[in-house]
Trainee: 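Please find one structure pasted underneath; my questions will follow.
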Amino acid sequence: MAYNLFIILVFLIVYTIAKRVINLWLTRLGKTKMVSDARVRFISRVLSSVVFFVLFSVAVISLGLGYSDISLFFSSAFAVLGVALFAQWSMLSNVTASVLIFFVFPYRIGDRVKVVDKDDDISGVINDITMFHVIIERTDGSLVTYPNNIILQKPVIKLTQLVVNPKPDNEQPEAVDTAQASTQQ
């Protein structure tokens, strides 16, 4: 009995430490990538759930509960979860894409982009990245909510913004690429 309590205590301590480390790491990563706090909290909950499931599985095996003892429970739980997720596959794919966008999306809020779509011209400034959509503000002020799972499937072009530098003495103004201007300064 003492051994079982020790295993459970170790599980709780390791889970608490892992959760704190993940939260600190994601908070720092979110600040460097300029991601909203709501998205950081969401990603943190998802990763904490994965860590909990893995540590729980290790603890159950360490307690001596064999595969045959828990297989009925896990197979039932996965069947119910599979049916529920299949019914909501669109939402699940957007949430999964949100996690991928958090870690690997090369564009940030404030970037001017164009989504290559044959049906419509979707270009503008990324206004927000939520759990389900990337919100793009067009030049006319209208907002386009583009689903996360689709924006990962389409090519996205980062557009450069041009700044006009006026020349003194009635010379023609010069258009300068902002990316070049920032590297020259």
Side-chain angles (χ1 to χ4, degrees), residues 12 14-57 74 77-163 177-183:
L12 291 174
V14 169
Y15 174 70
T16 304
I17 291 171
K19 186 175 177 181
R20 286 185 183 169
V21 168
I22 288 171
N23 287 341
L24 289 172
W25 175 66
L26 287 175
T27 302
R28 272 190 256 126
L29 185 63
K31 285 180 183 177
T32 59
K33 290 189 167 199
M34 294 179 287
V35 176
S36 69
D37 290 337
R39 289 200 59 232
V40 171
R41 283 191 306 270
F42 169 73
I43 301 298
S44 176
R45 279 184 296 211
V46 169
L47 289 181
S48 294
S49 299
V50 169
V51 167
F52 179 83
F53 179 73
V54 168
L55 289 176
F56 179 76
S57 299
F74 279 125
F78 283 131
V80 169
L81 187 63
V83 169
L85 294 179
F86 181 74
Q88 298 297 325
W89 72 270
S90 177
M91 286 178 45
L92 179 66
S93 67
N94 277 320
V95 170
T96 305
S98 176
V99 172
L100 290 173
I101 286 173
F102 181 83
F103 288 107
V104 297
F105 199 55
Y107 311 107
R108 306 282 174 255
I109 295 174
D111 285 351
R112 184 165 183 72
V113 296
K114 177 178 181 175
V115 180
V116 179
D117 192 354
K118 66 179 179 179
D119 296 334
D120 195 9
D121 176 35
I122 301 173
S123 59
V125 177
I126 297 178
N127 210 0
D128 196 9
I129 301 173
T130 66
M131 274 190 277
F132 296 103
H133 298 95
V134 173
I135 300 173
I136 300 172
E137 183 176 357
R138 290 182 173 175
T139 54
D140 63 359
S142 62
L143 294 177
V144 176
T145 56
Y146 213 78
N148 287 339
N149 61 344
I150 297 177
I151 203 162
L152 286 179
Q153 298 172 10
K154 301 273 183 171
V156 178
I157 301 169
K158 185 173 181 179
L159 303 173
T160 57
Q161 297 175 348
L162 294 178
V163 176
D177 186 349
T178 55
Q180 290 177 346
S182 64
T183 56

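Residues take their numbers from the sequence shown, with the count starting at 1.
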Trainee: Mind checking the CD1-CG spacing from Ile129 to Asn148? Nearest 0.5 Å is all I need.
Mentor: 8.0 Å

Trainee: Within the 4.5 Å heavy-atom criterion, are Val144 and Val115 side-chain neighbours or not?
Mentor: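 They are not in contact (no side-chain heavy atoms under 4.5 Å apart), so the answer is no.
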
Trainee: Please report the interatomic distance CD1(Ile126) to CD1(Ile151), rounded to the nearest 0.5 Å.
Mentor: 6.0 Å

Trainee: With a 4.5 Å limit on heavy-atom distance, are the side chains of Arg112 and Thr139 in contact?
Mentor: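 Side-chain contact under 4.5 Å: yes.
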
Trainee: Arg39 side chain to Gly30 main-chain N or O, any donor-acceptor pair under 3.5 Å?
Mentor: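 Judged by distance alone, no pair lies under 3.5 Å.
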
Trainee: Minimum heavy-atom separation for Ile136 and Ser123, please, with both atom names.
Mentor: CG2-C, 4.1 Å

Trainee: Return yes if some donor-acceptor pair links the side-chain N/O of Asp128 with the main-chain N/O of His133 below 3.5 Å, else return no.
Mentor: no

Trainee: Looking at CD1 of Ile150 and CD of Gln153, how far apart are the two atoms once the value is rounded to the nearest 0.5 Å?
Mentor: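 Taking CD1 in Ile150 and CD in Gln153, the distance rounds to 6.5 Å.
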
Trainee: If you take all heavy atoms of Leu12 and Thr16, which pair is closest and at what distance?
Mentor: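 For Leu12 and Thr16, the tightest heavy-atom pair comes out as O-OG1, 2.7 Å.
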
Trainee: Contact between Leu29 and Phe103 at the side-chain level, heavy atoms closer than 4.5 Å - yes or no?
Mentor: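 Result yes, sub-4.5 Å side-chain heavy-atom pair found.
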
Trainee: How long is the span from the CD1 atom in Ile101 to the OG1 atom in Thr130, to the nearest 0.5 Å?
Mentor: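 It is 8.5 Å, given to the nearest 0.5 Å.
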
Trainee: Taking ring-ring contact (aromatic ring centres under 6.0 Å, His included) as the test, write out the residues that go with Phe132, two or more places apart.
Mentor: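 Partners of Phe132 by the ring-ring contact (aromatic ring centres under 6.0 Å, His included) criterion come out as none, since no residue qualifies.
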
Trainee: Does anything in residues 135-157 form a salt bridge (charged side-chain N to carboxylate O under 4.0 Å, His left out)? List the pairs, not counting sequence neighbours.
Mentor: Asp117-Lys154, Asp120-Arg138

Trainee: List the atom of Ile157, the atom of Tyr107, and the distance in Å for their closest heavy-atom pair.
Mentor: N-OH, 4.4 Å

Trainee: Let me confirm one number: the CG-CG distance from Leu159 to Asp111, rounded to the nearest 0.5 Å.
Mentor: 10.0 Å

Trainee: Name every donor-acceptor pair, under 3.5 Å, that has one atom in a side chain of residues 41-53 and the other anywhere in the protein, sequence neighbours excluded.
Mentor:
{"from": "Ser44", "atom 1": "OG", "to": "Asn23", "atom 2": "OD1", "distance (Å)": "2.1"}
{"from": "Ser48", "atom 1": "OG", "to": "Ser44", "atom 2": "O", "distance (Å)": "2.8"}
{"from": "Ser49", "atom 1": "OG", "to": "Arg45", "atom 2": "O", "distance (Å)": "2.9"}

